[in-house]
Amino acid sequence: LEAEMEQADKQIEVLEAEQRFQDLRSSTEDLARSLAEQIDSLREALPDAATQKADVEREIQRLQAALDALRAGGTPKALPRKTPPPQP
């Protein structure tokens, strides 16, 4: 009976780990989608941002680096930031 309880506990741990993995994967996909949407939005705004074009292009590069790293499973290299992040 004790061995069965231990095996049941192990199965529960495995199921919980699988659920955490699925949650993490879902969160990662949500983050990638959000980054891609932000990049698209900035690219659309680029022609209208004549005076801030360099800043917008840097922000696009920063977001693209983060998205590329996320998709590759790594961490992005920090890029210098001259302007504060855009406010929603």
Side-chain angles (χ1 to χ4, degrees):
L1 183 60
E2 188 174 322
E4 288 178 13
M5 290 295 290
E6 286 180 20
Q7 186 161 351
D9 287 341
K10 287 179 184 179
Q11 287 177 343
I12 289 171
E13 288 177 16
V14 168
L15 291 173
E16 288 172 344
E18 287 176 1
Q19 184 60 48
R20 285 191 304 270
F21 176 78
Q22 292 301 325
D23 292 346
L24 181 59
R25 175 178 277 169
S26 177
S27 294
T28 302
E29 290 169 357
D30 290 345
L31 178 57
R33 189 171 21 268
S34 175
L35 287 170
E37 288 171 0
Q38 288 179 38
I39 291 168
D40 290 343
S41 176
L42 286 172
R43 285 188 175 142
E44 288 174 10
L46 197 55
D48 298 331
T51 60
Q52 300 169 332
K53 187 173 183 175
D55 292 336
V56 172
E57 287 175 343
R58 269 193 298 280
E59 184 68 7
I60 290 171
Q61 290 174 351
R62 188 183 72 79
L63 292 172
Q64 188 64 55
L67 180 59
D68 292 344
L70 183 64
R71 289 180 174 159
T75 55
K77 291 183 179 178
L79 294 177
R81 172 178 245 151
K82 293 187 178 184
T83 59
Q87 299 298 318

Seminar exercise, completed: So CD of Glu57 and CD of Gln64: to nearest 0.5 Å the spacing works out to 13.5 Å
Exercise. Going from CG on Leu70 to CG on Leu63, what distance comes out if it is rounded to the nearest 0.5 angstrom?
Worked result: 12.0 Å
For this session: Please round to the nearest 0.5 Å and tell me the distance separating atom CE of Met5 and atom CG of Asp9.
Result: 5.5 Å
For this session: To the nearest 0.5 angstrom, please state how far the CD atom of Glu59 sits from the CD atom of Gln52.
Result: 11.5 Å
Seminar exercise, completed: To the nearest 0.5 Å, atom CG of Leu31 lies from atom CZ of Arg71 at 10.5 Å
Exercise. Any salt bridge between Arg33 and Asp30, counting N to O under 4.0 Å?
Worked result: yes
Exercise. To the nearest 0.5 Å, what is the distance between CD1 (Ile39) and OG (Ser34)?
Worked result: 9.5 Å
For this session: Take Glu13 and Lys10, measure what salt bridge (charged side-chain N to carboxylate O under 4.0 Å, His left out) needs, and give me the verdict at the end.
Result: CA-CA 5 Å; Glu13 288 177 16; Lys10 287 179 184 179; over 6 Å; no
Exercise. Looking at Leu67 and Ala32, what are the two nearest heavy atoms and their distance?
Worked result: CD1-O, 3.5 Å
For this session: Please report the C-alpha distance between Arg58 and Asp55 in whole Å, then the side-chain angles of each, then the deciding distance to 0.1 Å, and finally whether the salt bridge (charged side-chain N to carboxylate O under 4.0 Å, His left out) criterion is met.
Result: CA-CA 5 Å; Arg58 269 193 298 280; Asp55 292 336; 2.3 Å; yes
For this session: Step through the shown structure and confirm whether more than 12 heavy atoms of other residues, nucleotides or ligands are within 6.0 Å of CD on Gln22.
Result: yes
For this session: Could you tell me which non-hydrogen atom of Leu42 sits nearest to which non-hydrogen atom of Val56, and how far apart they are?
Result: O-CG1, 3.8 Å
